[in-house]
Amino acid sequence: MDSKELEKENQRLKAQLASANQQIDYLRQIIAGQKEQLFGKKTEVIEKVVSGQESLFSDEQLTSLQSPDLSVTEVTETKVIKAVRHHSKRKKSGQRTAFFDSLPQVNESEPLSDQTCPNCHHELKKVGTKLVRREVCVKPAELYCKNYYQATYKCENCHPGGKDILINSGTPKALLNHSYLSSSILAQVANYKFNLALPCHRQMKLWHAVGLPVQDKALDRALIKVSQRYLKPLYQALIKLIQCEAVIHMDETPFQVLDSRKANGYFWVTRTTKEFSHHQIGVFHYANSRSGQMVGKILGENYPGIIMCDGYNGYSNRLYPRAKFGSCLVHIRREFIRITKLLKPNQRRQTKAWRAIELLSHVFHTENGLKYQSSKEKLALRKEKIKPLLDQFYDYLVKIEHPMGKLRKAIENAQRLRQRVYRIFENGQVPLSNNAVEQTIRPSTLIRKNCLFAKSTAGAEANAVFYTLVATAKMNQLNPYRYFKYLFEELPNRKTVSLEAYLPWAKVIQENCHQ
């Protein structure tokens with residue numbers, strides 16, 4: 001083999017080694033990303049560049065502002081950091097006593113065992129008591145049987161046809177016919193499952209401990225019947241109200257149903273915005289599809305408002321030309337954060353992804369500092385203070401030359417959603433992120449983890465109804481147990497009262513079911 005062939009072979013091996021090293025680096029990034037996803041911190045808050053107030057100008061702006069004839073001496077200030085233990089503030093005097101006084105009082109006095117005088121052995125006389133301590137005690141749950149009697153009245157004066165006139169009093173209707181489960185028990189079952197994420201099969205130990213001979217399947221069937229018979233009209237009323245909102249959040253999360261032909265069903269979740277909406281509402285809708293057609297089935301084919309969502313292509317203007325879709329800025333930032341988490345801490349600050357995160361951080365920081373009284377004032381402030389910062393972020397992305405790999409995907413994702421991001425300058429009610437609906441979904445994911453699945457579609461739809469009422473009740477500062485108990489007692493006997501009287505923000509509901 002001559003020298004030319006050896007040189008070619010050497011070049012080929014070098015190219016092969018470079019390709020192998022590149023592949024190894026790529027696989028290392030994948031492994032680092034998987035480790036970060038499984039074991040890393042879930043927060044997306046980045047470290048501050050410096051402690052204290054950040055500069056109002058970027059590095060490029062500072063360079064352009066500096067005169068070339070001006071000599072600048074860099075001064076480095078060293079600060080000594082001292083560990084200071086901050087003691088928690090003491091509660092205001094009287095709060096503990098006021099709490100004790102608000103509870104039912106039980107007095108206990110320990111009598112003297114030997115009530116004779118140790119000197120003369122005469123009987124002692126009690127002259128007073130002294131409060132030694134106060135403590136809070138709990139009374140364990142206990143069952144009792146409530147017997148409903150119907151009173152019969154007889155008229156002593158009238159005897160038409162020689163017969164007595166007998167009139168019977170009325171009794172409240174049962175929540176479920178031929179069932180001994182009362183409204184209080186089913187309200188607690190619903191509270192355990194849909195608020196505290198305790199499925200019915202795990203509740204059995206609690207109910208058997210207090211002496212209730214019931215099985216989990218009976219509880220599940222009762223919850224489905226109650227949702228179909230009494231709660232569905234309330235659920236549909238909440239859907240109609242959310243369809244009237246100008247701006248809403250929307251997201252979806254998977255849920256398995258055993259009798260469904262598909263591997264996964266989905267809960268589609270809509271939520272009103274935290275600011276400027278008429279009411280605080282969160283609605284869950286079960287469907288066995290993630291198709292974008294579900295948006296129209298939930299909100300109506302001609303919904304004219306703005307839908308804050310993520311980048312999923314099911315939220316499409318092709319399907320819904322009248323609707324406007326916003327985009328979550330947190331989801332856009334998340335792609336850049338994932339890139340920095342694959343790097344070592346000392347390498348992150350020199351990356352383009354880190355600079356993009358910093359520019360978006362200025363947007364969020366400025367947004368949180370806005371002071372306004374109405375959506376119009378907020379919109380004007382956004383155009384004045386937020387738009388230049390967001391423009392700076394997108395201008396920086398354009399200037400990045402030849403991005404590769406994950407950075408390229410993050411930039412393309414941000415550019416693809418730019419028009420949707422700028423919806424915040426059309427309506428001041430549009431939020432920057434979709435975090436509000438994700439926070440609404442989060443409790444349901446814990447229930448899904450504990451329950452694993454629903455056996456039937458009817459069970460999944462019942463879950464959606466209960467999820468909706470629990471989420472909306474908590475948004476309106478209601479106690480879910482008290483709310484369910486009130487509904488289960490009143491709805492079976494409702495005659496002329498409108499459904500609006502049972503919605504979470506109704507005056508009577510707030511008075512009886514507040515936390």
Side-chain angles (χ1 to χ4, degrees), residues 235-255 260 262 264-332 334-335 375 378-379 382 390 394 412-441 444 457 460-461 464-465 467-468 471-472:
Y235 172 75
Q236 292 171 344
L238 292 174
I239 292 178
K240 290 181 180 179
L241 287 173
I242 211 168
Q243 290 173 347
C244 298
E245 292 288 339
V247 181
I248 61 168
H249 295 270
M250 198 165 195
D251 202 357
E252 70 288 333
T253 184
F255 185 76
S260 176
K262 298 186 178 181
N264 271 330
Y266 290 88
F267 281 124
W268 289 77
V269 188
T270 52
R271 189 201 190 285
T272 55
T273 58
K274 290 185 177 181
E275 292 183 321
F276 311 119
S277 59
H278 295 93
H279 299 289
Q280 292 297 302
I281 306 172
V283 174
F284 286 70
H285 182 92
Y286 171 75
N288 62 354
S289 170
R290 203 189 177 202
S291 167
Q293 295 178 353
M294 295 307 306
V295 177
K297 292 181 180 180
I298 297 170
L299 298 177
E301 298 292 338
N302 297 317
Y303 177 71
I306 299 177
I307 303 174
M308 171 57 64
C309 54
D310 53 24
Y312 172 52
N313 56 16
Y315 304 106
S316 169
N317 287 113
R318 179 180 57 82
L319 296 174
Y320 309 102
R322 290 194 61 189
K324 295 181 180 180
F325 294 95
S327 186
C328 177
L329 205 57
V330 170
H331 281 76
I332 292 175
R334 189 173 297 164
E335 298 299 321
S375 60
K378 185 177 182 180
L379 180 61
R382 274 181 169 175
L390 207 52
Y394 276 103
E412 289 176 349
N413 178 62
Q415 296 285 14
R416 178 175 61 89
L417 299 173
R418 180 172 183 172
Q419 183 181 4
R420 293 188 175 188
V421 170
Y422 276 67
R423 297 288 185 203
I424 64 174
F425 305 119
E426 298 179 15
N427 188 322
Q429 190 177 343
V430 180
L432 288 186
S433 74
N434 215 26
N435 284 351
V437 71
E438 292 184 356
Q439 292 167 0
T440 303
I441 292 175
S444 70
T457 301
E461 292 175 348
V465 173
Y467 286 155
T468 297
T472 307

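Note that the structure is predicted; figures quoted are calculated from it, not measured.
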Separation of Leu329 CG from Asn435 CG (nearest 0.5 Å): 10.5 Å
Measure the shortest side-chain to side-chain distance between Val437 and Met250 over non-hydrogen atoms and say whether it is less than 4.5 angstrom. no
How far does CZ of Phe267 sit from CD of Glu461, to the nearest 0.5 angstrom? 9.5 Å
Examine distances only and state if a side-chain atom of Tyr320 and a backbone atom of Gln293 form a donor-acceptor pair shorter than 3.5 Å. yes
Interatomic distance, Met308 atom CE to Arg271 atom CZ [nearest 0.5 angstrom]: 13.0 Å
To the nearest 0.5 Å, how far apart are OG1 in Thr270 and CD1 in Ile239? 7.5 Å
Can you name the nearest heavy-atom pair linking Pro431 to Ile424, along with the distance? O-CG2, 3.7 Å
Evaluate the ring planes of Tyr394 and Tyr422, with Trp represented by its six-membered ring, and classify them as parallel (under 30°), tilted (30 to 60°) or perpendicular (over 60°). tilted
What heavy-atom pair brings His249 and Ser433 nearest, and what distance separates the two atoms? CE1-O, 3.4 Å
Pairing residues for Glu426 by the salt bridge (Lys or Arg N to Asp or Glu O under 4.0 Å) criterion, not counting sequence neighbours: Lys324, Arg423
Residues 282-290 side chain polar contacts: donor-acceptor under 3.5 Å, at least two apart:
from, atom 1, to, atom 2, distance (Å)
Ser289, OG, Ser291, N, 2.9
Arg290, NE, Glu252, OE2, 3.3
Arg290, NH2, Glu252, OE2, 2.7

Excluding sequence neighbours, so at least two apart, what forms ring pair (Phe, Tyr, Trp, His ring centres under 6.0 Å) with His279? Trp505
Going from CE on Met294 to OH on Tyr266, what distance comes out if it is rounded to the nearest 0.5 angstrom? 12.0 Å
Nearest atoms (heavy-atom pairs only) where Ala323 meets Asn317: O-ND2, 2.9 Å
Does a donor on one side chain and an acceptor on the other come within less than 3.5 Å for Thr272 and Glu245? no
For Thr440 against Ala471, the heavy-atom pair lying closest together: CG2-CB, 4.0 Å
Nearest heavy-atom contact between Asn413 and Glu335 is ND2-CG, 4.0 Å
Using a cut-off of 6.0 Å, state whether more than 12 heavy atoms not belonging to Gln243 lie near its atom CD. yes
CD1 of Ile242 to OG1 of Thr468: how many Å apart, nearest 0.5 Å? 9.0 Å
Any side-chain to backbone donor/acceptor pair from Ser444 onto Ile441? Under 3.5 Å, distance only. yes
Phe276 side chain near Val247 side chain, heavy-atom distance below 4.5 Å: no
Min side-chain heavy-atom separation Leu390-Phe425 under 4.5 Å: yes
Side-chain contact, heavy-atom cut-off 4.5 Å: Tyr312 with Asp251? no
Does Gln419 CD have over 12 foreign heavy atoms under 6.0 Å away? no
Can you name the nearest heavy-atom pair linking Asn434 to Asp310, along with the distance? ND2-N, 4.2 Å
